[in-house]
Amino acid sequence: MMYSNNDKISIPQMVNISILTMIGIGVLTLPRRLLEEAGTDGWLVLILGGLVGIVVSLTHGYIVKSFPGKSFFQILSLTLTRPIAYIVAIYTIVYFIGMTGYVVRLFAMIIREFLLPRTPPQLVIFSVLFVSLYLVREGIEVLGRMAEVIIVPLTVVILALFIISWGNAEVSNLLPVFQTPFVEIIKAVPFALFSFLGFEVLLIFGGFVDEPVKSMKVGPIAIFIVLLAYLILNASTLATLGAQQTENLIWPLVGTFDTIDFPGAFIENVEVFIMGVWIITVFMTMVPLHLAGTMLIMELAGGKEYNYYALLPLPFITLLSIWDDSIADVYENLGSFSDYTAYGVVILIPLGIFISTVMKRRKKDKAA
Amino acid sequence: MGFWQKLFGKKKKITKQEDIPPTKSIDKNLEIIKEFFKDCEDIVYREFTIGEGGCKAAVIWTDGLADRDLLNEFILEPLMMDARKVQPGYKEIKNNLVKFVEEKTLVTADIGEAETINDAITQILSGESALLIDGSDKIIVIDSRGWQSRGISEPETEAVVRGPRDGFTETMRFNTAQVRRRIRDPRLKLKHHQVGERSKTDVAVMYVDDIVNKNVLKEVEERLNKIDIDMIIDSGQLEELIEDEWQSLFPQVQNTERPDTVASALYHGRVAILVDNTPFVLIVPTTFNMLMQSAEDYYERWDIATIIRILRYFCIVIAITAPALYVGITSFHPQMIPTDLALALAATRRGVPFPAVVEALIMEVTIEILREASIRLPGSIGSTIGIVGGLVIGQAAVEAGIVGPLMVIVVAITAIASFAIPSYNLAIAVRLIRFGLLFSAAAFGLYGIMLAILVILIHLCSLKSFGMPYLSPFITFVQDSSDLKDTVVRVPHLAMNKRDINAPKKEKGRLDDHQEEDFDIEDNIDEKK
Amino acid sequence: MRKQIILWIILTITIALTGCWDSIEIDQRGYVMSLGIDKYEIPPPGEVVEEEDGPEEDGDMEEEAAVPTAARIPEDSPRNRFSFTYVIPNVEFLVGESENPNIVYNTVGQNLYSASRILTTRLNKQVFFGHMKVLVIGEDVARDAHMFREILDAIERDAFISRRISVAIAPGLAREVLEVEPLVNPMTGQFMADLFRNKDRSPRSGGGIMGDVLQDLHRWGNAVIPRAIAGEEDIKVAGSAVIKDYRLVGWLGEVETRALEIIRGTARPGGLTVIHESQDDEHIVPVDLVYLSSKFHLDEDSDTIRIKAEFSTDGQVEQFFFDPQHNLLEPQLIRELEALVCKKLEKEMLTTIQKLQKEFQVDVLGIDHYLSKYHPGLWAEVEEDWQEIFPNIEIEVDVSTRIRRVGLTK
């Protein structure tokens, strides 16, 4: 039924938001990073990382399910007492703002490289943040609809492009398999888990899901779909470019599409078109993170209107995004910053909530 | 809904006239009425006596709105002539004359009584006639409406090749009849409202009782009641007053001239709002998808209809983005187009002194001027001027070196594509959006186009029409996948066994329980054998 | 609300009016269709060629453009390392307003980027590589591993230069190839691009796609690149250059190139002519062949590395002899022809392999590739010394041919 009230999203919409949040900046570098970590056995790492991700996201889903309709901050206050809740919430805000800044910065950089070499990157940052602000002000419901509208055409276009790129693929490039020692694969799993970052938005948006009972499904479904997408992407890149070359390119995915050559088509160089499609996916990564940060800030401040609170993180995001000078610094500083804070938000905090919930439930059982 | 008060709440100056009850004296009543109708020379007062030696009476009507033949034959003749010829005489029924007249003398189809003089006046102005009888404080209102009206003709804005040719007219009653003819169901309900402090325009709300979405119906009633305005001339005004977001470029209410479209909408649980004096009927709630459909889609073969619908969506994309893409690609990313084309473009554009965006603006504005002008031009030469103007100006502009030849092609295709959008009000929105995209493409190339498309998408996602999200069913296609059957594709009618998004969930099945049998056409044939 | 609208309008207008940093009209760009790269050489004294700027200035002006009219002899300065040839199609020629199909610019410079920058001082257009089709590298550059690698990196790093451009190596100067105006299509860049793209082309030159060449070079620094030879009024792309350790080590002839392409499994359909001898006569029999597959097998039992290469082809007899006596429907005759084709192919391949193993000692056959994928264990042992091991491995060739069609006559 369509007549949903304000600020409610359906489970499929939540899944779509999660998928789009996960797929974004990382896809361009993913094949290279996987090669660096585990050679041609990267797919194994991906699958393991996806499995770990599914387990972690199950705890997220469980938390949302146990506190239907409650916001993240309310859950925190209920389980971890109020003072700790404040600290944890601020930490989470820092994480979301940091992630947004990271995404925005890389976005501006890649746009500059492929589309607008002379336009000041600050302008790209401002313009995309403005559009992001517009969507954040409209709230979670519009985000949910947006995700659902976008996902099908996006999938069709991307799949079509991949299928075209298979014309140049050499399947034997995927070989050899099972050559990397098992220990190294295990070591690479945390990295693979990070390429699935984004599913943690369920924690923040969980309070708006219309059927919280089903929220355990969200993470696994979303991660599974993203895993499939990543596997296709990784295999296509490897098959078209070969391992050694993939390792040498900063954004190998774009290189994959650069090999597409279909005479008679209206588009000659596909990579510009790819960037156009990619803008949408990155935008849909940025907005949920921005919105999640905004929501937490709003709740801490006790506000009700998105309009002004959505503006609050903007200066921080902008500052973060123009902090580093070179692309190498960005991947080094911002990248590792968001990686380390992510441990806390994705694993430690949910674990804390989970344990305290279980303990409280035990107590209750004993009392009863 | 707060902004209604903001907009119209302040000027609550018009003091409502007090209700004046009619008196027993006909002269007094006439005097009051005549005072109201001072300087209204199209009001006719016919004073006479009823029957042989009877009492004074008068009939009042508006000339041109009431049917004179009806007045002569069925009101004046019975009261004046027949009353003298037949029993009982005036004296016998002197005491309950009014009742006798109402029940036994007036042979018209519909009569009523007006409680107050003000009421009677409104009725007279709507084409009814008022009968005043001396000694009675009741005013009998006789339905004598019968004005000149345009006959039913083919709707011009929504012409179809195949399908019914009748369109709505300016008279609401004919319109409701046309809808009723298509829905022989007692559950089709019709409720009247009068909107407009002065115009007192009749507004009818039609819906099918058991399949309508009650929330929408409630919302419609509420919004209609909240309207505070002096007059409504066309449903366009009403549309703006009741729609959710009047700042938006996108129409959130569908309008149609076609009774079959209205009937089909009603069958799917939507609400139709008919306004007197206009052939355009409003249908709510409206989604983007509905504005992209034409009535003919349902009458043509389903596969062809599907392809045409896909074509239409393709057209709207062209109509929005084509000039922007031209600017973005030629001046930002020429590597996107094939080398031969790029070189040819560079060669033909060589002498053009303007940047691509100015070039595009010149041609776009020209075509908009042509389009606007051709509406004013008389029908016979309008199309000629359109074609000649387009061809001649395009050709001359290229030769003069103001624009490149490809630009002319782009602009022409864009203009044609925007005419492929079935709904005119959506098409004009698209025309405007195109310019926004053009500017953002001029600033940021493809990146600008993508940003602008995102803004449009966000806006579309945030819109609602009477509680229904504007982009449904695309935004919930996972749960409501059956609603997709009538969107970009149109599946065969046999497969469309569900009502669309408008109907409440429990009322979704169209053929309810007996659908199973109906579906096995082959079995039926076998049985006949 | 009103404030918001005004804000948006102002924002849109300012951005639209000011923001066109990247906007260059399509006719304002100079589309470099082909680029030639040569090593800079001091012209013999007395010959007036190019001008060179003595005093050093800062920034981009450091490299100096070669203005043909100025008569100064360039010194052998460390900045003048490359000589670049840009071929830009003349758009006026396209609309028939000019006689010259190409505008050819020569620039001397230290690297590609600054040479292109310096070109803008002589060209009223923006140099644009987005439509580049062909890269021709002069023999001297290719023979210098350091310079060759510089150029390769510059090409790969540039976001505008596609990976689909064709690359060729010219014996002699690249400039000479690019300055030819072919009769068929005088726009050299276009002509060469079409030449590379020609689907019906005989497999006498390698694919020459930049992306593939880069892929090969990234692996172990070995590759084959097609050879482009300048003629009077045409350009020929045939034969290939063998690159070993990022350096040109020698040339393969056309027949050898074909054999190599078949071994690598990248050969496009092409013909082969065999001589059929019967009791009384000799017939020339051209056979059109489609190269179906090429497979390597490692002989695991042997102590040394033994590779067995298997190929299968599919053919059609194009010509026999105008004589009703013959019957090509006789299976026996077909078998004979097949055997002849196999023999000839095997011989060509073995010669080529021999040449690569003994003369160049470089593995461009793809055996390294095969081993690393299918026998990673063995590959890990030999990878380090592959350069030394390769010349000594045994390679067996086995071709199977099926002639399936004989045309319209018996």
Side-chain angles (χ1 to χ4, degrees), chain A residues 39-41 110-124 126-127 130-131 134 137 165 168 170-180 238-252 254-264 268-272 275 307, chain C residues 4 7-8 11-12 14-15 18-24 126 129-133 152-153 156-166 193-194 196-197 199 207 209-221 264-266 295-296 366 369-380:
Chain A
T40 38
D41 285 328
I110 292 165
I111 291 291
R112 192 187 163 95
E113 191 64 45
F114 289 98
L115 294 180
L116 304 169
R118 262 171 279 238
T119 305
Q122 290 85 349
L123 211 73
V124 173
F126 286 140
S127 54
F130 251 111
V131 181
Y134 180 37
R137 284 175 50 158
S165 82
N168 309 313
E170 205 188 319
V171 184
S172 67
N173 276 342
L174 300 180
L175 295 171
V177 291
F178 301 121
Q179 288 304 309
T180 321
L238 222 54
T240 32
L241 292 180
Q244 286 83 353
Q245 188 165 225
T246 306
E247 217 168 336
N248 196 46
L249 294 170
I250 298 181
W251 298 298
V254 188
T256 313
F257 294 115
D258 196 3
T259 58
I260 295 180
D261 182 16
F262 43 126
E268 176 147 310
N269 280 347
V270 188
E271 72 262 26
V272 175
M275 292 324 289
N307 278 5
Chain C
Q4 250 182 44
L7 189 83
W8 277 109
L11 208 79
T12 321
T14 42
I15 288 177
T18 57
C20 357
W21 290 269
D22 284 291
S23 163
I24 301 164
Q126 202 83 33
F129 286 107
H131 276 296
M132 193 162 125
K133 294 285 178 207
L152 286 175
D153 189 67
E156 192 181 22
R157 200 173 288 279
D158 192 303
F160 286 101
I161 299 179
S162 163
R163 307 181 74 81
R164 280 167 292 121
I165 61 169
S166 308
D194 292 346
F196 274 97
R197 238 154 261 262
K199 280 214 178 89
I209 306 293
M210 194 70 195
D212 299 342
V213 171
L214 287 173
Q215 196 176 334
D216 282 345
L217 287 174
H218 270 304
R219 268 193 200 111
W220 292 288
R264 286 163 67 97
T266 52
K295 278 186 193 128
F296 293 121
H369 204 176
Y370 161 75
L371 288 180
S372 71
K373 280 174 186 167
Y374 295 96
H375 302 280
L378 175 66
W379 179 245

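A, B, ... follow the sequence lines: proteins, then strands. Residue 1 opens every chain.
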Run the side-chain contact (heavy atoms from CB on, under 4.5 Å) test against A/Asn173 and tell me which residues pass, sequence neighbours left out.
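Checked A/Asn173 against side-chain contact (heavy atoms from CB on, under 4.5 Å); matches are A/Glu170, C/Gln215, C/Arg219, C/His369, C/Lys373.
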side-chain contact (heavy atoms from CB on, under 4.5 Å) involving A/Glu247 - partner list, sequence neighbours excluded
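In terms of side-chain contact (heavy atoms from CB on, under 4.5 Å), with neighbours along the sequence ignored, A/Glu247 is linked to A/Leu35, A/Glu36.
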If I measure from the heavy atoms of chain A, does [X] come under 4.5 Å with its side chain, its backbone, both, or neither?
{"X": "C/His375", "result": "neither"}
{"X": "C/Trp220", "result": "side chain"}
{"X": "C/Tyr374", "result": "side chain"}
{"X": "C/Ile24", "result": "side chain"}

Apply side-chain contact (heavy atoms from CB on, under 4.5 Å) to A/Leu249 and C/Glu156, showing your working.
CA-CA 9 Å; A/Leu249 294 170; C/Glu156 192 181 22; 3.8 Å; yes
Supply the atom-to-atom distance C/Asp216 CG to A/Gln245 CD, rounded to the nearest 0.5 angstrom.
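The distance works out to 9.0 Å.
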Could you give the distance from CG (A/Asn248) to CG (C/Asp153), rounded to the nearest 0.5 Å?
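Interatomic distance, A/Asn248 CG to C/Asp153 CG, rounded to 0.5 Å: 7.5 Å.
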Show the nearest heavy-atom pair for residues A/Arg118 and C/Asp22, with the distance to one decimal.
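Shortest heavy-atom contact: N-OD1, 2.8 Å.
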Go through the steps to decide whether C/Arg163 and A/Thr240 satisfy the test side-chain contact (heavy atoms from CB on, under 4.5 Å), and finish with yes or no.
CA-CA 12 Å; C/Arg163 307 181 74 81; A/Thr240 32; over 6 Å; no
I'd like to check A/Pro117 versus C/Phe160 (side-chain heavy atoms, cut-off strictly below 4.5 Å). Are they in contact?
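A/Pro117 vs C/Phe160: side chains touch.
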